[in-house]
Amino acid sequence: MKQRTLANSIEIVGIGLHKGVPVKMKLEPLDSDMGIVFYRTDAGVTIPLKREFVVDTKMATVLGKDGVVVSTIEHLLSAIYAYGIDNLRISIDNDEVPILDGSSAGYCMLIEEAGIKELDKSKKAIKIKKEIEVTTPEGKRVCLKPSNRIVYDFKIKFDHPAI
């Protein structure tokens, strides 16, 4: 399988979920092997989508570098993953991506409108060869197991009557 990016740039203005402020966001194609990167236009800081830049996960996934953060990226990243996009620059002028309707649907529509471009290099992938489990002191747990197919199994437990 080949790496993918957008065929064209696309821009929107929306509202951040937690702060409720307007955010201008632009999705731009990148070449092979450049990965997914966030660029804060107001601060001039680029933050690669890599685990070492994850600074918080309590109420949202937050990336940070040099004191600059990008927050509430989950729904956007879900859409990017669903379309198999490997290389993309996400430029925003505030610290939260727009929430849109609260799902990934709006981001899927943006990606559909911009189009997908297949690049010349093969996708990078990892192969899980042995079971890996991480548990936090609070009891949160994640486990990866070898498999010949993609399987996701989630469980959630909150002490709240609505859940």
For Ser78 and Ser104 the tightest heavy-atom approach is CB-OG, 3.4 Å
Value for CG (Leu63) from CZ (Arg51), rounded to nearest 0.5 Å, stands at 13.5 Å
Under 3.5 Å: donor-acceptor pair, side chain of Glu74, backbone of Thr61: yes
>> Counting C-beta onward and ignoring hydrogens, is there a side-chain heavy-atom pair between Val97 and Phe38 closer than 4.5 Å?
In response: yes
Between Glu131 and Leu144, is there a side-chain heavy-atom distance shorter than 4.5 Å? no
For Leu76 and Leu27, the nearest pair of non-hydrogen atoms, with its separation, is CD1-CD2, 4.4 Å
The residue among Ile73, Ile85, Leu6 that forms side-chain contact (heavy atoms from CB on, under 4.5 Å) with Ile80 is Ile85
query = So, does Asp93 use its side chain to make a donor-acceptor pair with the main chain of Lys24 at under 3.5 Å?
reply = yes
### Query
Is any side-chain heavy atom of Ile12 less than 4.5 Å from a side-chain heavy atom of Leu110?
yes
Heavy-atom nearest pair, Ile90 first then Ile36, reads CD1-CG2, 3.8 Å
Going by atom types alone, do Ser32 and Asp120 pair a side-chain donor with an acceptor below 3.5 Å? yes
I'd like to know if Leu49 and Leu119 are part of one continuous hydrophobic network [Ile/Leu/Val/Met/Phe/Trp/Tyr, side-chain heavy atoms within less than 4.5 Å].
no
| query | Between the side chain of Thr5 and the main-chain N/O of Leu30, is any donor-acceptor distance below 3.5 Å? | reply | yes
- More than 12 heavy atoms of other residues, nucleotides or ligands under 6.0 Å from CD of Glu113: is that the case? no
Checklist entry - Can you hop from Tyr81 to Val54 via hydrophobic side chains spaced under 4.5 Å? => result no
Where the side chain of Asp56 meets the backbone of Lys58, is there a donor-acceptor pair that is under 3.5 Å apart?
yes
Note: Ile128 and Lys145 closest approach over all heavy atoms is CG2-C, 3.8 Å
Self-check item: Flag, side chain of Thr136 to backbone of Lys140, donor-acceptor distance under 3.5 Å
Solution: yes
Are any of the side-chain heavy atoms of Ile111 and Ile116 separated by less than 4.5 Å?
yes
Fill in: Non-hydrogen side-chain atoms of Asn87 and Met34 separated by less than 4.5 Å
yes
Here the gap from Glu28 atom CD to Met25 atom CE, rounded to the nearest 0.5 Å, amounts to 11.0 Å
What one should report as the nearest heavy-atom pair of Val37 and Pro48 is CG1-CA, 4.0 Å
Output for pair (Lys155 NZ, Asp153 CG), nearest 0.5 Å, gives 5.5 Å
Does any N or O in the side chain of Lys65 come within less than 3.5 Å of the main-chain N or O of Thr46, such that one atom is a donor and the other an acceptor? yes
When you measure from the side chain of Asp95 to the backbone N and O of Val70, does any donor-acceptor pair fall under 3.5 Å? no
| query | Do Glu96 and Ser71 get their side chains close enough for a donor-acceptor pair, meaning under 3.5 Å? | reply | no
Exercise for review: Tell me yes or no: between the side chains of Tyr83 and Glu112, is some donor less than 3.5 Å from an acceptor?
Suggested key: yes
Q) If Ile, Leu, Val, Met, Phe, Trp and Tyr residues are connected whenever their side-chain heavy atoms lie under 4.5 Å apart, and connections chain through other members, are Val69 and Phe53 in the same group? A) no
Rounded to the nearest 0.5 Å, the NZ atom of Lys26 sits from the OG atom of Ser91 at a distance of 7.0 Å
Partner of Asp86 under salt bridge (charged side-chain N to carboxylate O under 4.0 Å, His left out), picked from Lys124, Arg4, Lys123, is Lys123
Same cluster or not: are Val142 and Ile156 linked, directly or through other Ile, Leu, Val, Met, Phe, Trp or Tyr residues, by side-chain heavy atoms under 4.5 angstrom apart? no
Does a donor on one side chain sit under 3.5 Å from an acceptor on the other, for Gln3 and Ser122?
no
Scanning both residues in full, the closest heavy-atom pair of Tyr107 with Ile99 reads OH-N, 4.2 Å
**Asked** Donor-acceptor pair, Thr41 side chain versus Ile92 backbone, under 3.5 Å?
**Response** yes
Q) Is any side-chain heavy atom of Pro29 less than 4.5 Å from a side-chain heavy atom of Asn8? A) no
